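Below: the structure, in structure tokens.
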2 protein chains.
Amino acid sequence: MNKAVSGQSGVRQVAKLAGVSVATVSRVFNQASNVRPDTRDKVMAAAKQLNYVPNSAARSLTMNRSYTIGIVIPTIDNSIFARFIDAIEQTLATRGYGLIVATCGFDRHCESRRVEELLKMGIEGLILSGAEHDPELLDLIAARNLPLVCTSLFDAEYPWPTIGYDNYTMGKAIARHLLDHGHRTFHILSGPQALIDRTRIRVQGILDELQEAGISDAAISETELNFAAGCEAAQNILTAPLNFTALLCTSDVLAMGVLLEAPRQGIRIPQQLSVTGFDDQDWAAVSNPGLTSVHTPSRRMGDATAQALMDNIEQGLPVDSQLIDSHLVIRGSSGPAPSAP
Amino acid sequence: MNKAVSGQSGVRQVAKLAGVSVATVSRVFNQASNVRPDTRDKVMAAAKQLNYVPNSAARSLTMNRSYTIGIVIPTIDNSIFARFIDAIEQTLATRGYGLIVATCGFDRHCESRRVEELLKMGIEGLILSGAEHDPELLDLIAARNLPLVCTSLFDAEYPWPTIGYDNYTMGKAIARHLLDHGHRTFHILSGPQALIDRTRIRVQGILDELQEAGISDAAISETELNFAAGCEAAQNILTAPLNFTALLCTSDVLAMGVLLEAPRQGIRIPQQLSVTGFDDQDWAAVSNPGLTSVHTPSRRMGDATAQALMDNIEQGLPVDSQLIDSHLVIRGSSGPAPSAP
DNA sequence: ATGAAAGCGCTAACAG
DNA sequence: CTGTTAGCGCTTTCAT
């Protein structure tokens, strides 16, 4: 059983070596005011000599501050989340905060457990994905008065602050794009709607737009939200003779599978089939053809989220919900509907 | 100035409500042995009623344990690192450890600063990328007796444990693959060799293999290690009439740019040009053509790293260097050299 | 400008 | 099996 730190030296040693009191050492390492420059130097010298690093546990205990923010997301292994975390981490770092990450797949129970673990670790703020969480968890968070931001979607009505996109409108936009190109028969490939609210909202936007155009028979295939699952789903969807001319995917990772599978089935994109995604990952510009998708600036969302949390913690500012812009990016994977589907 | 926790309740309150001593409460929340079941239940009930969550700072202070591991990597926004972290996080979670992530680009000074921040946060173990670090930093880590693992490369000779791939041999392997296909003129597109040791090692492997085949005039282009930079580099490399038939990229993110740019320049892959990557990201199987690359199982590396660290911390086991297997994946982007380059 | 001393909430002997 | 008590290393009044 290894002690976390062994060659440890505390304020005490530093104080002794510098010939001052522990209070002075503490002052030097905090708001350096009220310390004579030469005293300060003596302390710093002693500290360096002893390799002194303040003990965060003791610090946290007395100040009741941990300078850590927690985040629980489905996975890190998805460009969209990776970029998001990357941005959060960098913004937090500008003010000395650390980020503790935890993943939970799309399992609500797991999410709750992970949050509890983070709570035990003393986080001062929490970032969650989406707006559907265990009510008991939300109660606990409220009881602890822990700042929380729900991300990836924007919902001004939600009782907790949300920072994210207007998934509904974007769903409508991408459907409209296809309708404008003359498509009348559609298939939707989505992630698990029951587990992911923003997926459900995207689908709803698509369906509503189609509905308004008098189309109400779009088929929906659901699958897990990862590359392999997308490939498998694509195989199933694309084998039979196509009875649709447009395939809308609620996520690029799913569209990737379609792009891979279509040529194998002899289906040409976009001549025979238009395909669209959601997220606009890097590769969407590279694939052949390029993938029409909705660009969701997750980096911007991360910055905003981190900033909001820190402003709340340090200045008590309320965390306001925030709409992050997103927009359609049209590429080669979508085009005019073939004359004879 | 928001207190981190406000509706707080400590062992004391719980003890009083449950009609026991603080020691008993502590026992219940730790090694539940030596506590009568009904006492235990009373305590748990009281705790639940009060929304009690143990204060981690106090806990860490008395036990001298933080149950957190720190990692400093260049970026999270790269599939390779994202997958790596994802795996680490999940493995750590199995034993109640948290992961604090920090990014530093490819800047050694920044790396040192970030590590110091993590040190201040009380991490019990540290994960770094590569094996080139500020000597002073390494001294500090040694002085604090902090377990460290250097990842992404394997080097049995290195004074600190390394867990990663044999980049050199893989560099040789991919060059050999191309040589076997009759290629005799090469161009290498690499990330910054001065900043990234494993990149340098990969390049060295390639060069050595070519050298052994009597080829010593391979040109090398260096660029930043991200998608945009890869695109730009590809534009420069591919404009002039090609004086090489194989383009080896030291990373898939770079190869992605090449795959995007080649068709724009009217260059057909692999008929006119063979392209290879390194990492085998998801999209490598999807792109058109698929990208020949070296598969580096970053998830496996993450698991091994996390496991080694925890075993060291809890059982004092030495952290042994570990070679993670990697292998060549041949796809459509590489083929026989065109007869007339 | 500096020092002395009182805890922060918890765990871990040590008693009983 | 349970209670009492002494710190863990630090910050922070309150004196000086």
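Because the structure is predicted, anything quoted here is derived from the model rather than measured. Heavy-atom basis, side chains included; hydrogens, waters and symmetry copies ignored.
- Inspection of the Thr103(B) and Asp86(A) side chains reveals no N or O donor paired with an N or O acceptor under 3.5 Å.
- For the pair Asn55(B) CG and dC8(C) P, the interatomic distance rounds to 12 Å; values are reported in whole Å.
- Five base pairs at each end of the helix from dA1(C)-dT16(D) to dG16(C)-dC1(D) define two local axes, and these are offset by 30° (rounded to 10°).
- Taking the side chain of Ser21(A) as heavy atoms from C-beta on, and the options dA4(C), dG9(C), dC10(D), the nearest nucleotide is dA4(C).
- Residue contacts shown for Val20(B) are limited to sugar-phosphate atoms, with no base heavy atom under 4.0 Å away.
- Minimum atom distance to the side chain of Val35(A) is reached by dT2(C), of the listed dT2(C), dT4(D), dT12(D).
- Scanning both residues, Ile324(A) and Pro297(A), for their nearest heavy atoms gives CG2-CG, 3.7 Å.
- Residues Ser56(B) and Asp38(A) both approach DNA chain C. Their nearest nucleotides, taken by heavy-atom distance, put Asp38(A) toward the 5′ side.
- Minimum interatomic distance between Ser112(B) and Asp134(B) (heavy atoms only, all atoms of both residues): OG-CB, 3.3 Å.
- A donor atom on one side chain and an acceptor atom on the other are not found under 3.5 Å apart for Asp155(B) and Thr162(B).
- Here Arg12(B) does not reach the OP1 or OP2 of dC10(C): none of its side-chain N or O atoms lies under 4.0 Å away.
- Here the closest non-hydrogen pair linking Cys150(B) and Tyr158(B) is SG-CE2, 3.8 Å.
- A straight line from CD of Gln13(A) to P of dG9(D) spans 8 Å, rounded to a whole angstrom.
- Between the C1' atom of dT2(C) and the CZ atom of Arg36(A) lies a distance of 9 Å, rounded to the nearest Å.
- When distances run from any side-chain atom of Thr62(B) to the nucleotides dG3(C), dG7(D), dC1(D), the shortest one goes to dG7(D).
- Counting to the nearest Å, the C1' atom of dC8(D) and the CE atom of Met63(B) are 12 Å from each other.
- Between dG3(D) and Thr24(B), a contact under 4.0 Å exists linking OP1 or OP2 to a side-chain N or O.
- One atom, CG of Asn30(A), and another, P of dT2(C), lie 15 Å apart when rounded to the nearest Å.
- As a whole-Å value, the separation of Tyr52(A) OH from dT11(D) C1' is 10 Å.
- Side-chain proximity of Thr39(A) to the nucleotides dG9(D), dT4(D), dA1(C) is greatest for dA1(C).
- Look at Arg27(A) and you won't find any side-chain N or O under 4.0 angstrom from OP1 or OP2 of dT2(C).
- Judged by distance alone, the side chains of Glu314(A) and Tyr97(A) do bring a donor and an acceptor atom under 3.5 Å apart.
- For the pair Asn64(B) CG and dG7(D) P, the interatomic distance rounds to 17 Å; values are reported in whole Å.
- Ring pair Tyr52(B)/Phe29(B) is perpendicular by interplanar angle, where above 60° counts as perpendicular and below 30° as parallel.
- Residue whose closest nucleotide on DNA chain D sits further toward the 5' end, between Pro37(B) and Val11(A): Pro37(B).
- Donor-acceptor pairing under 3.5 Å is recorded for the side chains of Asn30(A) and Arg59(A).
- Contacts of Ser60(A) with the nucleic acid, taken as non-hydrogen atoms under 4.0 Å apart, are absent.
- Listed candidates were dT5(D), dC8(D), dC10(D). Nearest to the side chain of Ala58(A) is dC10(D).
- Spacing between atom CZ of Arg65(A) and atom P of dT11(D) amounts to 13 Å, rounded to whole angstrom units.
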